[in-house]
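Beneath this line is the structure, given in structure tokens, with notes to follow.
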Amino acid sequence: MTEKIRIAVVGAGISGLAAVKECVAAGFEVEAFDSRDEIGGAWAYQHCTPDATPSEVWSSMYQGTMLNSCRDTSSFSDFPLDPARYSDYFKHPLMLQYLNEYADHFDLRKHVRLRTKVLECTARGDGSWTVRIQEDGGRVQDKVFNAVFACTGHLSTPMVPEFKGRETFKGQFFHSHCYRTPGPFEGKRVAIIGFGSSAVDIACEIAPQAKELHMVTRRGGWVLPRYVLGKPTEAWDNRATQLWVPSSLSQWLQTKLLQLVDIPPPKELVPEHKLLEQNPTVRGDFTEKVATGLIAVQRASVDSFTETGLALSTGASLDVDIVICATGYNLFDIPYLPSDLVRNESTPQNAVDLYKLLMSPRYTNVFLLGFAEVIGPLPPTVEAQARHAVGILGGRIKRPSQDQMIRHIKKFHEFQAKHFVDSPRHSIATHAIAYNDDLLEPLGAVPTFGRLLTKVFTSNPIKAMKVLNAVWFGIPSSAQWRLCGEGKKEPLARATVLRIAAEERELSRSEREFLVTTT
Ligand SMILES: NC(=O)C1=CN([C@@H]2O[C@H](COP(=O)(O)OP(=O)(O)OC[C@H]3O[C@@H](n4cnc5c(N)ncnc54)[C@H](OP(=O)(O)O)[C@@H]3O)[C@@H](O)[C@H]2O)C=CC1
Ligand SMILES: CCCCCC(C)=O
């Protein structure tokens with residue numbers, strides 16, 4: 001009898017749960033470890049105050065966090081979000097609820113060891129790994145696994161730039177990682193450094209109560225609303241526009257559309273880069289708050305801190321009581337993995353040394369899940385990563401040679417240089433549909449035009465045409481990656497794709513029936 005493949009999964013958030021589920025489905029033996037006492041990872045809200053010690057804060061979720069991607073794109077591919085219970089976009093406690101429902105539906109909890117921290121993973125030379133774990137801060141134990149899935153995300157270690165004179169500032173200074181509610185900022189003069197989703201969200205939350213709210217951005221950027229012409233914004237960026245239309249043309253058209261429906265941003269915000277050359281920032285009320293003067297924007301770098309605030313590269317100075325540093329995270333800090341796994345001395349700046357953002361060419365059988373900034377939601381992407389990794393371990397996908405990986409990585413760096421702003425936060429950036437397709441094509445699981453068209457001639461043609469239309473021209477729902485190939489769940493996926501296209505307000509009867517029978 002052949003021995004089962006044994007997998008260690010580190011983390012039980014979105015990526016970890018998807019990994020456990022795919023490993024179990026492939027017949028692997030899997031043990032997941034999470035240092036917290038509940039599943040959900042970053043989505044399990046943790047209360048803290050701005051003066052908390054950042055290393056003791058594991059979730060950056062603030063009370064007002066709302067999904068940036070919409071319900072119909074953000075579910076796992078075989079576990080649809082019910083419109084009757086989840087609105088188009090929803091707040092973080094519902095995402096945690098969904099993850100719990102996912103864990104229960106696929107019976108994942110029995111594979112997860114909570115309150116168990118992974119201290120170190122060491123390659124054993126034969127492709128297997130020793131995983132050192134610690135239970136409840138006590139007993140330390142070494143366990144051997146055939147492979148490690150690292151699923152701890154990239155939002156744990158706040159990145160605080162070294163600002164000149166920061167120690168001289170007499171006011172309050174903290175990183176957005178420790179922001180939770182707007183209350184403490186009432187009547188205060190606040191400056192926020194950075195222009196990502198955290199900065200823009202926090203600015204919109206604080207601005208109505210603050211005495212002054214300044215944003216300092218060195219590059220400006222695009223801010224998308226959640227809805228465009230009555231539809232979730234992602235409906236305007238479908239499979240056809242992402243794969244068929246040259247990105248320069250689709251982004252030009254999307255920019256025109258945005259300009260048509262939104263208030264024009266002030267010149268301080270207009271960036272040099274195109275709409276989707278940055279990780280999207282989503283906030284519908286931002287431009288209005290800028291236009292009505294609730295938020296003031298400075299296009300500048302921070303030259304230095306002063307006793308009373310900030311001296312900017314434009315020569316202007318800001319006197320404030322509080323500075324919030326919303327400058328993102330150190331993406332490369334994964335303390336339990338070898339320090340040269342993600343990058344080494346020869347890796348170009350603002351890039352990673354990972355094949356398909358998933359595997360190292362220098363370490364075998366370690367897979368990084370959720371280590372991608374896709375223009376789109378994370379759940380379908382981590383699932384595709386898990387399916388690819390499982391495919392490699394199970395022998396269904398040919399393992400690439402080290403040379404092949406290195407060549408692929410080099411090409412990927414060229415792709416990133418062409419399509420994304422050159423900055424640390426874009427070192428793991430990629431395009432969602434093309435990336436997911438690339439991972440799933442070896443399993444035959446990409447809903448290509450040809451595959452879906454074939455169904456028109458081999459099954460109910462009207463239904464098949466509707467599916468084809470929904471997948472290629474409708475909102476890019478995740479069920480599309482369960483229509484074909486290895487791991488397909490066609491009846492459920494078809495029902496989900498059609499229900500979403502019909503904009504039904506609850507799961508269809510077929511979906512509910514298929515969900516009872518599929519795990
Ligand atoms: N609602 C949601 O779903 C939310 C999702 N998120 C996600 O969390 C992740 C982290 O987001 P966020 O915390 O905003 O971090 P990001 O890394 O996305 O953004 C960091 C910002 O700080 C700027 N910055 C970095 N270094 C400096 C510096 N030295 N001086 C000035 N500016 C600097 C960056 O500018 P530059 O571009 O020039 O490097 C960028 O504007 C993202 O994936 C985001 O999508 C965050 C909040 C809400
Ligand atoms: C205006 C349409 C832009 C769409 C871009 C995304 C990612 O949703």
Inset, instruction - Measure the shortest side-chain to side-chain distance between Val471 and Val497 over non-hydrogen atoms and say whether it is less than 4.5 angstrom. - result: yes
Inset, instruction - Can you measure from CG (Asp82) to CG (Leu507) and round to the nearest 0.5 angstrom? - result: 3.5 Å
Inset, instruction - Report the C-alpha separation of Tyr179 and Phe174 in whole Å, then their side-chain angles, then the decisive distance to 0.1 Å, and conclude whether the ring-ring contact (aromatic ring centres under 6.0 Å, His included) test is met. - result: CA-CA 8 Å; Tyr179 168 83; Phe174 69 96; 7.2 Å; no
Inset, instruction - Taking atom types as modelled, find out whether Ser69 and Ser74 have a side-chain donor-acceptor pair closer than 3.5 angstrom. - result: yes
Inset, instruction - Test Tyr102 against Gln97 for side chain to side chain donor-acceptor pair (under 3.5 Å), laying out the working first. - result: CA-CA 9 Å; Tyr102 180 76; Gln97 172 182 305; over 6 Å; no
Inset, instruction - Considering only NZ, NE, NH1 and NH2 on the basic side and carboxylate oxygens on the acidic side, decide whether Asp438 and Lys356 come within less than 4.0 Å. - result: yes
Legend entry - Donor-acceptor under 3.5 Å (Thr448 side chain, Arg451 main chain): yes
Legend entry - Side-chain H-bond candidate by donor/acceptor type, Thr130 with Thr122, under 3.5 Å: no
Inset, instruction - Please step through side chain to side chain donor-acceptor pair (under 3.5 Å) for the pair Asn365 and Arg399, ending with a clear verdict. - result: CA-CA 10 Å; Asn365 291 342; Arg399 195 185 282 269; 2.9 Å; yes
Legend entry - Distance, nearest 0.5 Å, that separates CZ of Phe79 from CG of Leu492: 10.0 Å
Inset, instruction - State whether Glu383 and Arg482 are salt-bridged, where the test is any N-O pair (Lys NZ or Arg NE/NH1/NH2 against Asp/Glu carboxylate O) under 4.0 Å. - result: yes
Inset, instruction - Determine whether the side chains of Asp353 and Thr347 contain a donor N or O and an acceptor N or O closer than 3.5 Å. - result: no
Legend entry - Side-chain donor-acceptor pair present, Glu511, Ser508, cut-off under 3.5 Å: yes
Inset, instruction - Answer yes or no: are there more than 12 heavy-atom neighbours, outside Lys143 itself, under 6.0 Å from its atom NZ? - result: yes
Legend entry - Over-ring placement of Arg180 relative to Tyr62, 6.0 Å and 45° cut-offs: no
Inset, instruction - Specify the closest pair of heavy atoms between Pro447 and Cys484, including all atoms of both residues, with the distance to one decimal. - result: CA-SG, 4.0 Å
Inset, instruction - Identify the residue among Ser198, Pro158, Pro54 that makes a side chain to side chain contact (heavy atoms under 4.5 Å, CB included) with His175. - result: Pro158
Inset, instruction - Indicate whether the side chain of Tyr355 and that of Gln402 have a donor and an acceptor atom separated by less than 3.5 Å. - result: no
Legend entry - Residues Arg113, Glu135: salt bridge by 4.0 Å N-O rule: yes
Inset, instruction - Check ring pair (Phe, Tyr, Trp, His ring centres under 6.0 Å) between Phe412 and all other residues, then give those that pass, not counting sequence neighbours. - result: Phe415
Inset, instruction - Say whether Tyr336 and Thr152, considering side chains only, have a donor N or O and an acceptor N or O under 3.5 Å apart. - result: yes
Legend entry - Pairwise distance CG(Leu224) to CH2(Trp236) - rounded to 0.5 angstrom: 13.5 Å
Inset, instruction - Indicate whether the side chain of Arg283 and that of Asn68 have a donor and an acceptor atom separated by less than 3.5 Å. - result: no
Inset, instruction - Would you kindly say whether Arg425 and Gln278 are connected by a side-chain donor-acceptor distance under 3.5 Å? - result: no
Legend entry - For the student: nearest non-hydrogen atoms of Ala429 and Gln416, plus distance: O-NE2, 3.0 Å
Legend entry - Pairwise side-chain contact, Leu96 with Tyr98, heavy-atom cut-off 4.5 Å (strictly under): no
Legend entry - Nearest heavy atoms of Arg343 and Arg362, plus distance in Å: C-NH2, 4.4 Å
Legend entry - Under the side-chain contact (heavy atoms from CB on, under 4.5 Å) test, residues paired with Lys455 that sit two or more places apart: Thr458, Ser459, Ala464, Glu490
Inset, instruction - List for me each residue that meets side-chain contact (heavy atoms from CB on, under 4.5 Å) alongside Pro442, sequence neighbours excluded, and say none if there are none. - result: His388, Ile397
Inset, instruction - Could you pull out the closest heavy-atom pair between Leu483 and Lys488, with the gap in Å? - result: O-CD, 3.8 Å
Inset, instruction - Please examine the side chains of Thr496 and Asp72, heavy atoms only from C-beta on, and report whether any two atoms are closer than 4.5 Å. - result: no
Legend entry - Side chain proximity check, Tyr89 to Arg71, heavy atoms < 4.5 angstrom: no
Inset, instruction - Please check if any side-chain donor atom of Thr157 sits under 3.5 Å from a side-chain acceptor atom of Asp333, or the reverse. - result: yes
Legend entry - Arg494 and Asn460 side chains, donor-acceptor separation under 3.5 Å: no
Legend entry - Test: Asp78 and Lys21 ion pair at under 4.0 Å: yes
Legend entry - Student check: side-chain heavy atoms of Gln254 and Leu276 closer than 4.5 Å: yes
Legend entry - Nearest-0.5 Å distance, OG1 of residue Thr116 to CD of residue Gln141: 9.0 Å
Inset, instruction - List the steps and the verdict of ring-ring contact (aromatic ring centres under 6.0 Å, His included) for His154 and Tyr329. - result: CA-CA 7 Å; His154 51 81; Tyr329 291 81; 8.1 Å; no
Legend entry - Plane angle bin for His92 and Tyr45 - parallel if under 30°, tilted between 30 and 60°, otherwise perpendicular: parallel
Legend entry - Polar side chain donor-acceptor pair, Trp481 to Asp437, under 3.5 angstrom: yes
Legend entry - From Leu341 atom CG to Ser360 atom OG, the distance as rounded to the nearest 0.5 Å: 4.5 Å
Inset, instruction - Kindly compute the distance separating NE2 (His431) from CG (Leu243), expressed to the nearest 0.5 Å. - result: 10.5 Å
Legend entry - Distance under 6.0 Å and angle within 45° of ring axis: Arg6 vs Phe145: yes
Legend entry - Derivation and outcome, side-chain contact (heavy atoms from CB on, under 4.5 Å), residues Arg396 and Val390: CA-CA 8 Å; Arg396 288 193 170 84; Val390 164; over 6 Å; no
Legend entry - Distance-minimising heavy-atom pair for Thr364 and Trp129: O-NE1, 2.8 Å
Legend entry - NZ/NE/NH1/NH2 to OD/OE distance under 4.0 Å, Glu38 and Arg115: no
Inset, instruction - State, without any angle test, whether Arg109 and Asn100 hold a side-chain donor-acceptor pair at a distance under 3.5 Å. - result: yes
Inset, instruction - Please name the pair of heavy atoms, one in Met159 and one in Cys325, separated by the smallest distance, quoted to 0.1 Å. - result: O-SG, 4.5 Å
Legend entry - Side-chain (His111) to main-chain (Val9) donor-acceptor, under 3.5 angstrom: no
Inset, instruction - Measure the shortest side-chain to side-chain distance between Asn146 and Phe28 over non-hydrogen atoms and say whether it is less than 4.5 angstrom. - result: no
Legend entry - Side-chain donor/acceptor of Gln46 to backbone N/O of Ser60, under 3.5 Å: no
Legend entry - Short side-chain to backbone donor-acceptor contact, Arg226 and Leu67, under 3.5 Å: yes
Inset, instruction - Please determine, by modelled atom types, if Thr181 and Gln63 share a side-chain donor-acceptor pair under 3.5 angstrom. - result: no
Inset, instruction - State, yes or no, whether a side-chain contact exists between Gln242 and Asp237 at a heavy-atom distance under 4.5 Å. - result: yes
